[in-house]
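Below you'll find the structure, written out as structure tokens, and then a few comments.
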Amino acid sequence: MAPTIFLLLTLLSIAESTAGKGGGLKLELIRRRLSPGNVSPMAAKSQIWPETSEFIVKIAIGTPPTEVHAILDTGSDLFWAQCRPCAKCYQQTNPIYDPSKSSTFRTLSCKSPQCHLRGSGAACSGTDTCKYSYGYGSGSTQGELASEKMAVTSRSGATTPFPGVVFGCGHNNSGTFNANEMGLIGFGRGAISFVSQIGPSVGGRKFSLCLMPYNTDPRISSSLSIGSGSEVKGPGVITAQLVRTSDQTSYSLTLTGISVRKTLVPYSTSGPPAKGNAVLDTGTPPTLLPKELYGRLAAEVRRHIPSKPIDDDTLCYKDNLGDLVMTLHFDGGVDLRLSTVQTFNKMPDGSFCFTAMGVDDKDALIGNSMMANFLVGYDIDNMTVSFKPTDCTKAG
């Protein structure tokens, strides 16, 4: 999920107590493992809902089904949900999924190839059951890897089943999750991720999503699409090449600088490298920049906004941001223009706060607030990402 900074994946052995035919999938989020003969030729449709500073999708798990609301996260791979019996579960409003009541739940053996898919966090020691441990910047989940029937229901009410989905049945979970967040669904590039498992059956490992601005009415939903037909096209589309790094989960771009109106703030002023890695992470709300870069950027933001900030540390303003346009500059001459919708969150008290902050890291992370009101298309197979300005509050 990366609710703070980068995902920390750990391979641990844990105590026993303790995821065709080119038919696109436009779905609520469900993942399934399909054979070529078990592919729906019609796109399944679904939505994304805002949940405080995160975004969730709804998935039906098991037979009979339990509805799970999972955080959508492009910064990790594993799909996991809280499961009974709980060794340690955080408070959850809706019923916790109970595998003992599902006729289609199957734990994975350590001998199963699915136990060892890249990004699973799996470890086997002293038991035949495939255990997993997955760590984030502000929490963790532990349990067993299993397969289960899942389903997604379209806006029209049509349900598409997905048998044999590999996911993490979490018995020991902690972190900054709230009571409406029942798990997390990883949309990273790893083999265990939702999109990697379902992609080959729906026309490719690609998907698009549209995130709403911070503080959007939680009753408003937006769109998520997977597979053939999810490509972002048309006027105004900007496409950048993803870069391969040692992190095989993340979607990474090369950031060369950020402009505030016409003033360029280069990524670095201390010599080579004059550019840096920037990860796109829907599971982290703020944009995280190296402290030195953030300091120079914040100074330019202050200089271009006519009013004084309420708080110099976080750059919050009561009003009068002016027509402040910022631009992210990526390698290859790709420029992504940002309005104040992406660069400032409107807070409940009516103030506006900058969506970036400085951190002790050499790399950058572009959080979900800065991706608001863009239809963003990710193509793992072709290693590209595309952006199209869109009113995501009307894209459901």
Less than 4.0 Å between a side-chain N and a carboxylate O, is that true for Glu292 and Arg296?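 Yes.
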At what distance, to the nearest 0.5 angstrom, does [atom1] of [X] lie from [atom2] of [Y]?
| X | Y | atom1 | atom2 | result |
| --- | --- | --- | --- | --- |
| Ser221 | Lys58 | OG | NZ | 8.5 Å |
| Leu280 | Thr284 | CG | OG1 | 11.0 Å |
| Phe352 | Thr343 | CZ | OG1 | 10.5 Å |

Cys130 and Cys110: sulfurs closer than 2.5 Å?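 The answer is no, since Cys110 and Cys130 keep their SG atoms 2.5 Å or more apart.
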Tell me whether [Y] is reachable from [X] by hopping between hydrophobic residues (I, L, V, M, F, W, Y) whose side-chain heavy atoms are closer than 4.5 Å.
| X | Y | result |
| --- | --- | --- |
| Val334 | Leu338 | yes |
| Phe207 | Val232 | no |
| Met212 | Val341 | no |
| Val385 | Leu375 | no |

Taking all heavy atoms of [X] and all of [Y], pick out the closest pair and write down the distance.
| X | Y | value |
| --- | --- | --- |
| Thr239 | Val237 | OG1-CG1, 3.9 Å |
| Lys318 | Ile310 | CG-CD1, 3.5 Å |
| Gln82 | Gln92 | NE2-OE1, 2.8 Å |
| Phe344 | Leu315 | CE2-O, 3.6 Å |
| Gly188 | Ser196 | O-OG, 4.2 Å |
| Ile96 | Cys86 | CD1-SG, 3.9 Å |

With a cut-off of 6.0 Å (strictly less than), are more than 12 heavy atoms of other residues, nucleotides or ligands near [atom1] of [X]?
| X | atom1 | value |
| --- | --- | --- |
| Lys388 | NZ | yes |
| Arg337 | CZ | no |
| Met383 | CE | yes |

Note, [X] side chain near [Y] side chain (heavy atom, < 4.5 Å):
| X | Y | result |
| --- | --- | --- |
| Leu328 | Ile366 | yes |
| Glu144 | His171 | yes |
| Phe354 | Leu321 | no |
| Glu54 | Pro285 | yes |
| His116 | Cys124 | yes |
| Glu51 | His69 | no |
| Phe374 | Leu336 | yes |
| Ser102 | Glu148 | yes |

Applying disulfide (SG to SG under 2.5 Å), run through Cys210 and Cys392 and close with a yes or a no. CA-CA 5 Å; Cys210 207; Cys392 294; 2.0 Å; yes
Which label fits Tyr136 and Trp80: parallel for a plane angle under 30°, tilted from 30 to 60°, or perpendicular past 60°?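 Correct class here is tilted.
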Please state whether the rings of Phe79 and Phe167 are parallel, tilted or perpendicular, taking 30° and 60° as the class boundaries.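 Tilted.
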Carefully, step by step, assess Thr74 and Tyr378 under the rule side-chain contact (heavy atoms from CB on, under 4.5 Å). CA-CA 10 Å; Thr74 57; Tyr378 300 77; 4.2 Å; yes
When Ile185 is tested against each of Val195, Ile59, Ile71 for side-chain contact (heavy atoms from CB on, under 4.5 Å), which residue passes?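 So the option named by the test is Ile59.
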Can you find a side-chain donor-acceptor pair between [X] and [Y] that sits under 3.5 Å?
| X | Y | result |
| --- | --- | --- |
| Thr141 | Asn173 | yes |
| Ser259 | Thr327 | no |
| Asp247 | Thr245 | no |
| Thr355 | Asn345 | no |
| Gln114 | Ser147 | no |

